[in-house]
Amino acid sequence: MSAKRVLVTGGAGFIGSHVCDAYIRKGWEVTALDDLSSGKRENVPSEAEFVELDVRSPRVRELFRDRRFDLVNHHAAQIDVRLSVKKPRHDASINIDGLLNLLECCVEFETERVVFISSGGVVYGEVENLPAVRTTPKLPESPYGVSKLASEYYLLVFRRLHGLPYVALRYSNVYGPRQDPHGEAGVVAIFSNRLLDGHPLTVFGDGEQTRDYVYVHDVAAANLVASEMALPDPEGLDEVAFNVGTGRETTVNELAHTLIDISGTEADVEFASARPGELRRSALDVGELRELGWSPLHSLREGLQQTYEWISRGAE
């Protein structure tokens, strides 16, 4: 049998490039699509074909026509919550129009499955009982969250209308090597760079706000599970949506002091005004993925150690 062909959009990005690595190790034939607005060409593994292209471009259809992908893994997105508030139409253009461009191609050229990257934190909003299960009410508090939730509904409708199978992965806060300072989990990269530069760490608010930090290699493994699992014919969003996290809350203060300890420095922590609209607490229940054999294998300290070492090598 020939290798299965996968298109990874956002394949030059932090997470997408690790997903490309994972597919290659499994013997897949990988095409990485990225417009390099935030991704980096050097992130793409040499074994993958790289195509510089916007997911909204009409040329995407030509790519599907020529490659006939078995699977589309859709990581490309506008991910900045604050930018989505300032420019909601820009957010929707990339996150919704880009998705629809891909889905129309998937239907026309008979793609077997879509793995869509959603977001646990922004789709659920502020949750009283943590960790949040996948059936938690969806109450997004930003245009970015709305675009991710709307995308899941579009996928469900395409499943019903055209029989296009899909899986939605609702990420918590992903961190690891190749990470840039953007996005909420970008705080790991921000803190690491400040420690390497000998600067104090700035914590917004009281530092007791929590996030569920999951290591990027564990996230890539979850994408492989999503690519090969048996899929039901869903009646609603949650039957084919899976949280990807650790189920553990970590405060920003805990994160800061763990990184200070790993760095071997005596950096100070400074506090600044809280950012408006920021979630107070977030963590995701990952029971459904555990039942399928996946679990996060890296502890927070182990993942932070590897991330800090990777960033420090780049700073040399």
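Numbers for residues simply follow the sequence, beginning at 1.
Looking at Asp212 and Tyr171, their side chains never bring a donor and an acceptor atom within 3.5 Å of each other. The closest side-chain donor-acceptor pair between Gln78 and Asp91 falls under 3.5 angstrom. Donor-acceptor pairing under 3.5 Å is recorded for the side chains of Arg178 and Ser17. For the 3.5 Å distance criterion, the side chains of His18 and Tyr215 fail to qualify, holding no donor opposite an acceptor.
Listed by first and then second residue, the salt bridge (charged side-chain N to carboxylate O under 4.0 Å, His left out) pairs that reach into residues 189-202 come to none, sequence neighbours excluded.
Under a cut-off of 6.0 angstrom, the local environment of OH in Tyr153 is sparse, with at most 12 non-hydrogen atoms contributed by other residues, nucleotides or ligands. Within 6.0 Å of OH in Tyr154 there are 12 or fewer heavy atoms belonging to other residues, nucleotides or ligands.
Proximity of Ile117 to His74: side-chain heavy atoms (C-beta onward) are nowhere separated by under 4.5 Å. Using a 4.5 Å cut-off on side-chain heavy atoms (C-beta onward), Val55 and Asn101 make no contact. No side-chain heavy atom of Trp310 sits under 4.5 Å from any side-chain heavy atom of Ser192. A heavy-atom distance below 4.5 Å is found between the side chains of Phe191 and Val252. The closest side-chain heavy-atom distance from Phe116 to Lys148 is below 4.5 Å. With contacts defined as side-chain heavy-atom distances shorter than 4.5 Å, the pair Ile94/His90 qualifies.
The side-chain contact (heavy atoms from CB on, under 4.5 Å) search around Thr258 returns Glu254, Ile262, Arg301, Leu304, not counting sequence neighbours. Listed by chain and number, the residues in a salt bridge (charged side-chain N to carboxylate O under 4.0 Å, His left out) with Glu49 are Arg67 (sequence neighbours excluded). Residues meeting the side chain to side chain donor-acceptor pair (under 3.5 Å) test with Gln305, sequence neighbours left out: Glu309. With sequence neighbours left out, the side-chain contact (heavy atoms from CB on, under 4.5 Å) criterion links Pro296 to Asp218, Thr246, Arg290, Trp294. The salt bridge (charged side-chain N to carboxylate O under 4.0 Å, His left out) test applied to Glu152 returns Arg170, not counting sequence neighbours. Looking at residues two or more places apart in sequence or on another chain, you find a side-chain contact (heavy atoms from CB on, under 4.5 Å) between Asp35 and Ser37, Asp54. Every residue two or more places apart in sequence or in another chain was checked for a salt bridge (charged side-chain N to carboxylate O under 4.0 Å, His left out) with Glu208, and none qualifies. For the side chain to side chain donor-acceptor pair (under 3.5 Å) test, no residue two or more places apart in sequence or in another chain qualifies with Glu239. For Asp285, the side-chain contact (heavy atoms from CB on, under 4.5 Å) criterion is met by Pro131, Val133, Glu288, not counting sequence neighbours.
Because its NZ or CZ atom is both nearer than 6.0 Å to the ring centre of Phe204 and within 45° of the ring axis, Arg275 counts as a cation-pi partner of that residue.
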List the steps and the verdict of ring-ring contact (aromatic ring centres under 6.0 Å, His included) for His298 and Tyr175. CA-CA 11 Å; His298 296 79; Tyr175 72 96; 9.0 Å; no

Going through the distances and angles, do Phe158 and Tyr166 end up as a ring-ring contact (aromatic ring centres under 6.0 Å, His included)? CA-CA 9 Å; Phe158 268 72; Tyr166 78 95; over 10 Å; no

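Using a 4.5 Å cut-off between side-chain heavy atoms of Ile, Leu, Val, Met, Phe, Trp and Tyr, Leu36 falls into a hydrophobic cluster with Val44, Phe50.
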Output a table of donor-acceptor pairs, distance under 3.5 Å, between side-chain atoms of residues 226-237 and any protein atom two or more places apart or on a different chain; print 'none' if there are none.
unit_1	atom_1	unit_2	atom_2	d
Ser227	OG	Tyr23	OH	2.6
Ser227	OG	Asn223	O	2.7

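A donor-acceptor contact shorter than 3.5 Å links the side chain of Arg5 to the backbone of Arg68.
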